[in-house]
Amino acid sequence: MADYRKQGDVAVLHANNPPVNALSYHVRQGLYDGIEAAEKDPSVKCIVICGKGKTFPVGADIREFASGSAKKFPNLIEVCDKIEACTKPVVAAIHGFALGGGLEISLGCHYRIGGTSCKVGFPEVNIGVLPGAGGTQRLPRVIGLKPSLDIITSGCHVGAKEALKLGILDKIVQGDVVTEGIKFAKSVQNQPLHGRRVSTMAVPDVSQANALCNSAMAEVKRKSSGLLAPVACVKSLRVAAQTPYKDGIKIESALMLQLMTSGQAKALQYAFFAERLASKWQVPGGASHATVTPRPVKSCAVVGGGYMGSGIVMCILNAGLPCILVEANQKFLDRGIKMIQGLYAGSVKLGKMSEQDAKKTLSLLKPTLRYEDLKDVDVVIEAVFEDMKLKQEVFGKLDKVCKKDALLCSNTSTLNIDKIASATRRPDRVMGMHFFAPAYYMKLLENIRGAETSPQTVATVTQLSVKIGKVPVLVGNCHGFVGNRMMAPYTTEAQRLLEEGAYPHQVDQVIEEFGIPIGPLKVGDLTGLDVSWKITREVSRMLGLDHTKREDVEPFGLYFPVRNALYEKGRLGRKTGAGFYKYEKAGSKVAIPDPLVMDIIDHHCREEGIDRRRIPPQEIYERCLYSLINEGFKTLEEGIAARPEDVDIIWLLGYGWPRYTGGPMHFASQIGLRRLYGRIEYYHNKYPDRDHWTPSRLLKTLSQQEHPVPLAQWGQFASTTSRL
Ligand SMILES: CC/C=C\C/C=C/C(=O)SCCNC(=O)CCNC(=O)[C@H](O)C(C)(C)COP(=O)(O)OP(=O)(O)OC[C@H]1O[C@@H](n2cnc3c(N)ncnc32)[C@H](O)[C@@H]1OP(=O)(O)O
């Protein structure tokens with residue numbers, strides 16, 4: 001709703017819909033009625049629109065897009081038009097954020113003022129739509145076409161200073177924005193409104209409109225290939241420059257309708273809420289984010305200053321927390337510090353950080369070679385080499401020196417967290433914190449709860465994860481957890497396809513066309529074929545298998561003859577300039593299909609008596625992606641992942657799965673579970689020896705329901721209880 005009050009001859013309208021004043025039906029109605037009441041009241045001379053609580057409205061209520069309430073009278077266009085048509089001056093007083101529909105409301109106002117820290121923007125592209133309440137038509141009339149193209153197609157927030165410079169804000173004010181808004185409104189109450197109604201203005205300097213729009217169109221197609229919304233934004237802005245407002249708004253609405261009904265908008269809006277759901281955990285027994293109070297974390301330590309460890313240190317420092325970095329020897333410690341210093345220097349050079357801030361942040365870092373220095377820290381994150389023996393050694397040492405209630409976490413990406421915890425006397429305070437590389441950049445944190453991890457440890461680690469800027473997803477303990485476990489069948493199928501008839505570039509092309517930025521074989525080269533070779537050897541050992549014997553490893557999906565042949569020839573990937581591809585030089589990023597690799601593959605097939613066949617792209621697509629999705633369903637049925645949304649967030653934020661499909665589980669719901677199950681069963685029959693094609697029981701059950709079960713209810717069909 002919107003609260004209406006009068007202060008002298010000023011009517012003040014507060015949008016009131018906590019926590020972010022999203023413009024739900026009742027808020028729109030309140031604003032519309034408020035303007036009407038103020039218009040009718042002869043004692044009112046001017047009006048201020050603002051937001052209750054922490055922000056101005058941040059946009060339309062995204063949930064109303066699916067429910068249909070967004071269309072109810074008055075819709076957002078009607079509210080903006082009502083405000084603009086008012087015969088008394090209306091001032092938007094912005095604090096916090098004015099985003100999307102919130103910014104459209106303020107562009108409907110005759111004046112806009114903002115607090116020093118306010119931000120404005122049109123983030124609609126991020127949820128698959130456009131600023132469809134006149135935003136694409138009004139913004140260019142205020143600030144011109146070029147900056148409007150930048151703001152609307154990027155979805156970026158614009159700070160107060162920049163907004164003032166561009167002309168979005170008329171004034172920046174200090175202190176309480178509503179008080180200042182009232183003062184400002186009084187100062188303009190006798191000014192004519194002619195020239196203040198944005199829809200009546202012309203877009204300034206349209207002589208270059210076509211060239212600007214052509215180049216913006218090329219840019220959005222290059223940057224976000226396959227995304228519909230940025231393309232529609234450019235189209236709508238082109239119209240703004242070439243057409244009167246009354247016609248432009250109709251075209252904007254038509255484009256909005258097309259986007260709203262697209263699968264992309266639904267998937268992106270699903271991802272928006274899934275991301276916010278991720279940190280809301282619950283464990284068996286009922287303890288949850290809502291019931292358990294986290295312990296305060298005032299300082300942290302990281303063990304291991306390699307690529308991952310250094311990145312983790314930076315996340316902690318960036319959050320303003322002191323961090324101790326421990327290494328085994330001076331050489332490694334110096335290397336870690338140098339890496340961290342270099343990355344901050346790079347940020348300063350790029351203008352992302354001031355020199356002073358970089359210095360201040362770095363002053364929070366304390367390097368050491370002595371574990372004893374960790375005695376007072378609240379949380380330690382271990383980031384040493386992925387080796388159980390080494391990790392257990394480290395945890396044993398930490399357990400001895402750290403205070404009793406300190407949490408000990410491991411950045412393992414695959415190893416058994418209970419086994420690591422068994423090296424300590426505090427398994428209730430041990431957890432996995434699986435960061436993704438580069439750790440200072442990637443938003444995902446896969447947090448692993450061991451069998452004995454206490455709810456308070458979960459609460460504390462979740463809170464710390466959010467504080468260091470991550471999206472934490474709580475998962476259960478199993479080999480590879482959720483993300484890497486699903487990765488296994490995907491990479492296995494990619495490699496098995498090579499033996500049957502495909503070449504690396506053919507597999508990667510299909511996956512990249514689907515929208516994953518780097519195909520599985522290029523990822524293999526990036527990670528290093530020696531690294532994956534060693535992992536295969538370690539996993540084989542753990543399972544008591546001889547990794548050199550095909551008959552041992554094949555049934556476990558650990559047989560990678562092409563990779564092994566390349567590894568044996570010293571082709572270790574990008575770093576050696578040769579792997580599944582060749583590269584201009586070691587370290588180069590451009591992967592070039594290599595006839596030598598094709599020969600190696602052909603030779604292997606001849607030796608094994610394999611008749612190579614042409615593999616259609618659809619088969620590549622299904623074998624890589626459907627096997628991965630099937631594994632995702634298995635993590636749900638086993639209670640390793642709590643919700644399908646969690647699986648999706650892990651793949652969206654950790655593995656580059658295209659956001660406009662919503663993630664593997666949402667994508668599965670779009671394919672249709674019956675059809676998906678049928679294809680998985682087909683491959684299971686074709687490759688009965690490959691365990692990852694055994695269809696998930698949960699998927700089977702869901703696919704047999706008479707009507708499609710909404711994704712949010714899939715959990716009710718998982719037979720096993722949660723293993724979180
Ligand atoms: C006829 C024409 C129709 C429409 C045209 C207009 C279209 C639009 O306006 S589309 C919406 C555009 N706006 C956005 O996309 C803003 C989205 N929100 C954010 O970016 C962030 O929430 C924030 C920067 C505004 C605040 O961030 P933060 O402080 O980190 O809070 P959270 O993100 O955790 O959000 C808190 C809480 O609010 C819910 N929420 C946020 N925005 C919306 C929204 N637009 N609609 C509905 N709900 C929203 C969010 O889900 C969180 O909810 P929970 O606490 O339950 O998790």
Side-chain angles (χ1 to χ4, degrees), residues 15 17-28 32 51 53-82 94-108 117-139 151-152 154-159 229 232-233 236 249-261 265-266 268-281 288-290 443 462 466-467 469-472 643 645 649 659 712:
N17 186 16
V20 290
N21 294 319
L23 293 156
S24 324
Y25 161 67
H26 290 290
V27 181
R28 299 195 307 270
Y32 190 93
K54 65 175 186 180
T55 184
F56 196 80
V58 305
D61 183 339
I62 301 168
R63 290 190 201 277
E64 284 195 351
F65 290 160
S67 70
S69 299
K71 290 188 195 140
K72 257 169 116 174
F73 178 85
N75 67 28
L76 211 41
I77 299 180
E78 287 155 340
V79 176
C80 294
D81 288 349
K82 180 84 177 169
I94 299 169
H95 78 297
F97 296 96
L99 303 177
L103 182 54
E104 286 171 316
I105 292 265
S106 75
L107 291 170
S117 59
C118 80
K119 288 189 173 134
V120 302
F122 280 124
E124 281 86 342
V125 280
N126 300 328
I127 53 162
V129 294
L130 54 68
T136 65
Q137 304 303 300
R138 282 198 175 94
L139 188 65
I151 290 173
I152 293 178
S154 73
C156 288
H157 296 167
V158 177
C233 287
S236 200
I249 195 83
K250 284 185 199 147
I251 296 173
E252 183 193 85
S253 291
L255 288 165
M256 180 70 165
L257 187 67
Q258 275 174 21
L259 292 175
M260 289 268 249
T261 47
K266 285 182 193 133
L268 288 165
Q269 287 159 27
Y270 159 84
F272 175 87
F273 289 112
E275 196 166 321
R276 279 149 184 87
L277 184 68
S279 56
K280 297 181 175 125
W281 56 273
S288 75
H289 68 98
K443 275 176 81 181
T462 305
V466 172
K467 182 161 179 144
K470 304 296 174 194
V471 177
R643 302 167 288 222
E645 290 93 334
I649 287 305
R659 197 170 172 96

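Every number for a ligand or one of its atoms is a count from 1 in the order of the listing. All figures in this text were calculated on a predicted structure; none of them were measured in a lab.
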Measuring only between side-chain heavy atoms, which start at C-beta, is Val79 closer than 4.5 Å to Ile105? yes

Within the 4.5 Å heavy-atom criterion, are Asn17 and His26 side-chain neighbours or not? no

Check the surroundings of atom NZ in Lys470: do more than 12 heavy atoms from other residues, nucleotides or ligands lie under 6.0 Å from it? yes

List of N/O pairs, ligand 1 versus protein, all under 3.5 Å?
residue: ligand 1; atom: 9 (O); partner: Ala60; partner atom: N; Å: 2.7
residue: ligand 1; atom: 9 (O); partner: Gly101; partner atom: N; Å: 2.8
residue: ligand 1; atom: 13 (N); partner: Val58; partner atom: O; Å: 2.9
residue: ligand 1; atom: 33 (O); partner: Arg276; partner atom: NE; Å: 2.7
residue: ligand 1; atom: 33 (O); partner: Arg276; partner atom: NH2; Å: 3.2
residue: ligand 1; atom: 45 (N); partner: Ala60; partner atom: O; Å: 2.9
residue: ligand 1; atom: 46 (N); partner: Ile62; partner atom: N; Å: 3.0
residue: ligand 1; atom: 57 (O); partner: Lys280; partner atom: NZ; Å: 2.5

Hey, mind stepping through Val125 and Leu268 against side-chain contact (heavy atoms from CB on, under 4.5 Å) and telling me if it holds? CA-CA 9 Å; Val125 280; Leu268 288 165; over 6 Å; no

Does the distance from a Lys or Arg side-chain N to an Asp or Glu carboxylate O, for Arg28 and Asp81, drop under 4.0 Å? no

Is Lys280 salt-bridged to Glu645, going by a charged N under 4.0 Å from an acidic O? no

